[in-house]
Amino acid sequence: MSLLGPVEVRALAEKLNIRPTKKLGQNFVIDGGTVRRIVRVAEVTREDVAIEVGPGLGSLTLALLPEVAKVVAVEIDPTLAAQLPITVAGMASEHADRLTVVHADALRVGVADLGAAPTVLVANLPYNVSVPVVLHLLEVLPSLRRGLVMVQAEVADRLAARPGSKIYGVPSVKAAWYADVRRAGPVGRNVFWPAPNVDSGLVSLVRRDPPKTSATREEVFKVIDAAFAQRRKTLRAALASWAGTPAAAEEALVEAGVDPSARGEQLGVEDFARIAEHRPA
């Protein structure tokens, strides 16, 4: 299987007059071993429909295509979106029919835009939108059962953080609403061009049912946002605006079985769901 190496990536970028931009979070993978590792750790099968966000020049796409039934690549850059089918036709013509390129913003796509129902997310996500993209796709694509994404190491830690951790926060809790999230290994800087100023990490997501609750997801997420907007405050104080008054917040917390003097970083997603159920009328 032909993959893109440093020479091919730079030649393609020069041909397209592409200069990777921080605005779009572009760092192209130039190491074949890394993309093979991602595909292996993702445990994709020939029955899977993979969604890849930000395929760029196609490094990961080329590694995915032989292993899955279909790759739906969502690319916001029009030049890259137009080039990807050409690259695949030239380097993996026997698998070219498995590729669908969607020129779109991943934060705005839904299943109707994709032409297929993805079962797995496998992507080197742009650093600047990685968390919003993961949460959006888990929300709008119920067919998505699992994922493996490469993100900034700090973001990987936050997504996979557990209650009680100093880095546990809004991304951790909201991701836990949808999936079991775990770190799946580190990625060095030198596998990218240009090399970023930070390390990267792999994050594994396995879909699970949300907590059983009479509150809607939107209602639960409002509690989460309020609790961490002032994360150093007790929940009685942090949720005062959400509940109406500190006393109303305390009443809701007590009814939910949560200590009003606790802080948001101590609670799991199930706790936030219970609090949402007891919001004062």
Please check this pair: side chain of Gln83 against backbone of Leu57, looking for a donor-acceptor N/O pair closer than 3.5 Å. no
Are the side chains of Ile275 and Trp242 in touch, meaning some heavy atoms are under 4.5 Å apart?
yes
- Query: Would you call Val140 and Val109 a side-chain contact if the rule is heavy atoms closer than 4.5 Å?
  - Reply: no
| query | Please walk me through it: do Leu148 and Leu121 pass side chain to side chain contact (heavy atoms under 4.5 Å, CB included)? | reply | CA-CA 6 Å; Leu148 187 79; Leu121 167 65; over 6 Å; no
Q | Test item: Glu52 and Val72 side chains (from C-beta on) under 4.5 Å apart, heavy atoms | A | no
* Derivation and outcome, salt bridge (Lys or Arg N to Asp or Glu O under 4.0 Å), residues Lys212 and Glu270 -> CA-CA 8 Å; Lys212 291 183 179 179; Glu270 297 83 3; over 6 Å; no
Looking at Arg108, I want to see if its CZ is surrounded by more than 12 non-hydrogen atoms of other residues, nucleotides or ligands under 6.0 Å. no
The reported gap from CD in Glu219 to CZ in Phe272 (rounded to nearest 0.5 angstrom) is 15.5 Å
### Message
Heavy-atom count check: over 12 atoms from other residues, nucleotides or ligands less than 6.0 Å from Glu139 CD?
### Response
yes
So OG of Ser204 and CZ of Arg146: to nearest 0.5 Å the spacing works out to 9.5 Å
Q. Do the side chain of Glu67 and the main chain of Leu64 share a donor and acceptor less than 3.5 angstrom apart?
A. no
For Asp97, the salt bridge (Lys or Arg N to Asp or Glu O under 4.0 Å) test, sequence neighbours excluded, returns none
Assess the residue pair Trp177 and Phe221 against the criterion (side chain to side chain contact (heavy atoms under 4.5 Å, CB included)); give the C-alpha distance rounded to whole Å, side-chain angles, the decisive distance to 0.1 Å, and a yes or no. CA-CA 9 Å; Trp177 173 270; Phe221 280 17; 3.9 Å; yes
Only residue of Val149, Val29, Leu202 satisfying side-chain contact (heavy atoms from CB on, under 4.5 Å) with Ile38 is Leu202
Is there side-chain contact between Val71 and Arg98, with heavy atoms separated by less than 4.5 Å?
no
Membership question, hydrophobic clusters at under 4.5 Å side-chain separation (ILVMFWY): are Val206 and Val203 in the same one?
no
Separation between OH (Tyr178) and CG (Asp209), nearest 0.5 Å, reads 13.5 Å
Here the gap from Gln152 atom CD to Asn27 atom CG, rounded to the nearest 0.5 Å, amounts to 10.0 Å
Are the side chains of Glu277 and Thr213 in contact, using a 4.5 Å heavy-atom criterion?
yes
With side chains defined as the heavy atoms from C-beta onward, is the minimum distance between Leu4 and Leu62 less than 4.5 Å? yes
Residue pairs meeting salt bridge (charged side-chain N to carboxylate O under 4.0 Å, His left out), one or both in residues 244-259, sequence neighbours left out, come to Arg236-Glu250
Q. In terms of side-chain geometry, is the basic nitrogen of Asp48 or Arg46 positioned less than 4.0 Å from the acidic oxygen of its partner?
A. no
Got a list of side-chain donor-acceptor pairs under 3.5 Å for residues 162-175, not counting sequence neighbours?
{"residue": "Arg162", "atom": "NH1", "partner": "Ala160", "partner atom": "O", "Å": "2.9"}
{"residue": "Arg162", "atom": "NH1", "partner": "Val181", "partner atom": "O", "Å": "3.1"}
{"residue": "Arg162", "atom": "NH2", "partner": "Val181", "partner atom": "O", "Å": "3.2"}
{"residue": "Ser165", "atom": "OG", "partner": "Ile167", "partner atom": "N", "Å": "3.2"}
{"residue": "Tyr168", "atom": "OH", "partner": "Leu267", "partner atom": "O", "Å": "2.6"}
{"residue": "Ser172", "atom": "OG", "partner": "Arg158", "partner atom": "O", "Å": "2.5"}
{"residue": "Ser172", "atom": "OG", "partner": "Gly169", "partner atom": "N", "Å": "3.0"}
{"residue": "Ser172", "atom": "OG", "partner": "Gly169", "partner atom": "O", "Å": "3.4"}
{"residue": "Lys174", "atom": "NZ", "partner": "Asp225", "partner atom": "OD1", "Å": "2.9"}
{"residue": "Lys174", "atom": "NZ", "partner": "Asp225", "partner atom": "OD2", "Å": "3.4"}

Check step by step if side chain to side chain contact (heavy atoms under 4.5 Å, CB included) holds for Val88 and Leu65. CA-CA 9 Å; Val88 169; Leu65 282 169; 3.5 Å; yes
